[in-house]
Amino acid sequence: MKVAIGLPNAVPDVSGSDLVEFARRAEARGFSCLGTIDRVVYGNYEPLVALAAAAAVTEKIELMTSVMLGPLRTNAVQTAKQALSVNQISGGRLTLGIGLGARGDDYDASGVEHREIGSKLDGFLDGLVKTFEDSAIGPDGSGAPKILIGGSVEASFRRAARYGEGWIAGGATPEQFAEMAAGVREAWTEAGREGEPRLAGLAYFSLGDDAQQTAGEYLTDYYAFLGDEVAQMIAGSAATDAETVRGYLAGFEGVGCDELVMFPCSGDPAQADMLAEAVK
């Protein structure tokens, strides 16, 4: 299983210099991919902008939105243009993980009604793929980014089989991941797709001094919209020592995960070094 790392693009108060230094260290330490989280009503860096910055200071590491909120991107052509641009700048390293998003205030701020969002996502994906096939849009010579679909319901599994090269889970235990991955494989076969879908997951980590406090402060704030009990549960699930990190990796690898994206709870670039040491 590949081990990827998230950029701290959604951790509050992260400077631009720390963001790009984090990307440099992630590549130097051999992680497979840099992920980004998408939100609107939060103090985060926009995912494609953050990945463009990372592309400028790296050469080999894959870049992935994990995930970008598709229904909020009401202009699929413009989003495709941006993605094609990042893909060209990075030398073809971009993968678009795309999902729905759970926050109503993100939809309100974007002027998008929070209903029938599945059909909105389908329309966005149709427009995105159609634009990728139009050679007149995007920088000369740019190729289409790869696509992964996020989600935990059957409709998302079918979207993965229709539009993508695979699927990415949100916050899930290895056991939950295994159950959903089985649904993805079934949808893949029913759609007549050859080979196996790419299966990715994500988890949170915080290492070093005050690891538990850092994870608690960040994750309870980020997930406050779900209520205190759920936010505390998510915060408590973050890996805060090397043994737990390795346990997560073993658990996800054991249920067939191809790549696990470990998201930091701090913007300190040293987190990339500490995670690399933990997974040795």
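What's counted below: heavy atoms across the whole structure, side chains too, no hydrogens, waters or symmetry copies. Residues take their numbers from the sequence shown, with the count starting at 1. Remember, predicted model here, so these are calculated numbers, not experimental data.
- For residues 178-197, the set of pairs meeting the side chain to side chain donor-acceptor pair (under 3.5 Å) definition, not counting sequence neighbours, is empty.
- Residues E62 and T95 have side chains that bring a donor and an acceptor to within less than 3.5 angstrom of each other.
- Among residues two or more places apart in sequence or in another chain, the side-chain hydrogen bond (donor to acceptor under 3.5 Å, both in side chains) test is passed with K280 by E277.
- A donor-acceptor contact shorter than 3.5 Å is absent between the side chain of T244 and the backbone of A239.
- Within the 3.5 Å criterion, the main-chain N or O of R115 finds no donor-acceptor partner in the side chain of E113.
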Exercise for review: With side chain to side chain contact (heavy atoms under 4.5 Å, CB included) as the test, would you mind laying out the steps for S66 and I168 before giving the verdict?
Suggested key: CA-CA 8 Å; S66 46; I168 181 168; 3.7 Å; yes
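- Legend: salt bridge (charged side-chain N to carboxylate O under 4.0 Å, His left out) pairs involving residues 246-268, not counting sequence neighbours, sorted by first then second residue: R198-E259.
- With hydrogens and angles disregarded, no donor-acceptor distance shorter than 3.5 Å links the side chain of N44 to the backbone of N9.
- In the hydrophobic clustering, V20 connects to V57, either directly or through intervening members, whenever side-chain heavy atoms lie under 4.5 Å apart.
- Not one N or O on the side chain of S206 forms a donor-acceptor pair closer than 3.5 Å with the backbone of C265.
- The closest donor-acceptor contact from the side chain of Q176 to the backbone of T173 lies under 3.5 Å.
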Practice item. Report the C-alpha distance between L125 and I149 in whole Å, list the side-chain angles of each, state the deciding distance to 0.1 Å, and finish with yes or no for side chain to side chain contact (heavy atoms under 4.5 Å, CB included). Key: CA-CA 10 Å; L125 289 166; I149 301 298; 3.9 Å; yes
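- With sequence neighbours left out, E116 forms a side-chain hydrogen bond (donor to acceptor under 3.5 Å, both in side chains) with no residue at all.
- Remark: F22 pairs with no residue by the ring pair (Phe, Tyr, Trp, His ring centres under 6.0 Å) rule, at least two apart or across chains.
- Side-chain atoms of D106 come within 3.5 Å of backbone atoms of V41 as a donor-acceptor pair (strictly under, hydrogens ignored).
- Judged by distance alone, the side chain of Y222 and the main-chain N or O of A231 form no donor-acceptor pair under 3.5 Å.
- Within the structure, every pair that satisfies the salt bridge (charged side-chain N to carboxylate O under 4.0 Å, His left out) test and touches residues 125-148, not counting sequence neighbours, is listed here: D126-R162.
- The shortest non-hydrogen separation linking L34 to A54 is CD1-CB, 4.0 Å.
- At least one donor-acceptor pair under 3.5 Å links the side chain of Y218 to the backbone N or O of A10.
- Annotation: side-chain hydrogen bond (donor to acceptor under 3.5 Å, both in side chains) contacts of D38 (sequence neighbours excluded): R73.
- The salt bridge (charged side-chain N to carboxylate O under 4.0 Å, His left out) analysis of residues 223-243, with sequence neighbours excluded, yields no pairs.
- When all heavy atoms of L48 and A83 are compared, the closest pair comes out as CD1-N, 4.3 Å.
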**Study point:** Working for side chain to side chain contact (heavy atoms under 4.5 Å, CB included), residues Y204 and M262
**Key:** CA-CA 5 Å; Y204 286 105; M262 300 290 294; over 6 Å; no
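- Across every non-hydrogen atom of L260 and A203, the tightest pair is CD1-N, 4.3 Å.
- The ring pair (Phe, Tyr, Trp, His ring centres under 6.0 Å) search around Y107 returns H114, not counting sequence neighbours.
- The main-chain N or O of T220 is never found under 3.5 Å from a side-chain atom of Q232 such that the two would form a donor-acceptor pair.
- Closest heavy-atom contact between A161 and A187: CB-O, 3.6 Å.
- Residues I5 and A272 approach most closely at CD1-CA, 3.8 Å, considering heavy atoms.
- Ring centroid separation for the pair F177 and F252 comes in under the 6.0 Å cut-off.
- Within the structure, the side chain to side chain donor-acceptor pair (under 3.5 Å) test picks out the following pairs touching residues 148-161 (sequence neighbours left out): D122-R159.
- The side-chain hydrogen bond (donor to acceptor under 3.5 Å, both in side chains) test applied to R93 returns T58, not counting sequence neighbours.
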